[in-house]
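A, B, ... follow the sequence lines: proteins, then strands. Residue 1 opens every chain. The structure presented is a predicted model; accordingly, all values stated were derived computationally and were not measured.
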2 protein chains.
Amino acid sequence: MDCRPISQMLGRIGDKWTIMTITMLLDGPKRFNELRRIIGGISQQMLTRTLRALENDGLVSRKVYPTIPPQVEYSLTTLGRSLAEPLTQLTVWVLENIAEVERNRSKASNRSVD
Amino acid sequence: MDCRPISQMLGRIGDKWTIMTITMLLDGPKRFNELRRIIGGISQQMLTRTLRALENDGLVSRKVYPTIPPQVEYSLTTLGRSLAEPLTQLTVWVLENIAEVERNRSKASNRSVD
DNA sequence: CAGAATCCCGTCTGATACTG
DNA sequence: CAGTATCAGACGGGATTCTG
């Protein structure tokens with residue numbers, strides 16, 4: 001089978017900002033700067049792009065309240081919530097194994113790894 | 001909590017070539033060009049880089065047989081196999097939902113999409 | 001066969017400044 | 001507040017050539 005479309009898709013949803021954004025939206029709708037704050041380390045531009053891409057793919061919905069100052073709320077669609085499951089598992093794996101990976105990484109500068 | 005190290009790690013293992021490589025190694029050890037062929041669309045350099053990174057992180061082990069012509073075999077370590085689980089779930093999600101995502105994407109073709 | 005080295009381009013990403 | 005516009009550096013990733 002041809003893996004190109006799949007790997008392209010993986011490259012898109014596997015993107016770290018996408019994963020973080022979806023994960024953060026799991027416990028409810030969030031506003032732009034709120035998201036930016038809790039994700040941490042993401043630039044305003046990257047958050048905008050990530051949200052646009054997610055919205056375009058139908059994973060996140062964007063709701064604008066025509067108030068002053070403007071208020072925009074982002075939330076997961078049903079499809080987005082279904083993606084959150086496997087992404088959460090991936091995050092769990094990272095949390096459980098990041099220490100060992102980093103140990104391996106520093107070891108590899110001294111001797112060849114098994 | 002600080003999400004930076006986590007998102008960095010996610011960006012590394014979420015990389016499409018990494019996901020494809022680990023997935024392909026799931027059903028047994030593979031040689032370099034064999035991997036390259038079944039992954040499809042990956043350049044020699046990217047496969048080399050991906051395998052080096054995986055080896056360095058202790059997710060893949062590299063075994064060299066000093067024959068002529070040289071033969072190198074890559075296989076998953078225990079840690080690598082544990083990562084394969086969540087990655088497989090992600091791949092399954094892609095397979096199940098790629099059609100809907102692409103439908104959403106074309107529907108939203110209001111302005112420049114990639 | 002399994003790479004290493006090199007060149008090169010497009011994309012990602014952050015920083016900064018500006019707007020409705 | 002929630003963006004858009006622009007610049008610039010880092011990085012991803014392909015193509016090609018060369019070696020043990």
Spacing of A:Ile68 atom CD1 relative to C:dT19 atom P, expressed in whole Å: 18 Å
Nearest-nucleotide comparison on DNA chain C, the residue closer to the 5′ end among A:Pro70 and B:Gln71: B:Gln71
Quiz item: B:Gln44 side-chain donor-acceptor pair to D:dT17 base, under 3.5 Å: no
A:Leu47 CG to D:dA2 P, straight-line distance once rounded to whole Å: 10 Å
Separation of atom CD1 in B:Ile19 from atom P in D:dG12, rounded to whole Å: 15 Å
Contact under 4.0 Å: B:Tyr74 side-chain N or O vs C:dG3 OP1/OP2: yes
Sugar-phosphate only, base, or nothing, as touched by A:Arg62 at under 4.0 Å among non-hydrogen atoms: sugar-phosphate
Backbone N/O of B:Ala84 and side chain of B:Thr88: donor-acceptor pair under 3.5 Å: yes
Gap between atoms CD and P, on A:Gln8 and D:dG12 respectively (whole Å): 18 Å
Phosphate-side-chain proximity, B:Arg31 and C:dA2, N/O vs OP1/OP2 below 4.0 Å: yes
Touch class at under 4.0 angstrom, heavy-atom based, for B:Gly11 against every strand present: nothing
Residue B:Phe32, side-chain atoms from C-beta onward, closest of C:dA4, C:dA2, C:dC1: C:dA2
No-hydrogen, no-angle side-chain donor-acceptor test under 3.5 Å, A:Ser7 and B:Trp17: no
Interatomic distance where CZ belongs to B:Arg36 and P belongs to D:dG13 [whole Å]: 15 Å
Check: B:Asn33 side chain, B:Arg36 main-chain N or O, donor-acceptor pair, under 3.5 Å: no
Pair A:Thr50, A:Thr21: side-chain N/O donor-acceptor within cut-off below 3.5 Å: no
Length of the line joining A:Ile39:CD1 and C:dG14:P, which is rounded to integer Å: 11 Å
Check: B:Gln45 side chain, D:dG14 base, donor-acceptor under 3.5 Å: yes
d(NZ, A:Lys16; C1', D:dG12) in whole Å: 13 Å
B:Asp15 CG - C:dC12 P separation (whole Å): 13 Å
Side chains of B:Arg49 and B:Gln45, donor plus acceptor under 3.5 Å: yes
Pair of N/O donor and acceptor under 3.5 Å linking D:dG12 base with B:Arg49 side chain: no
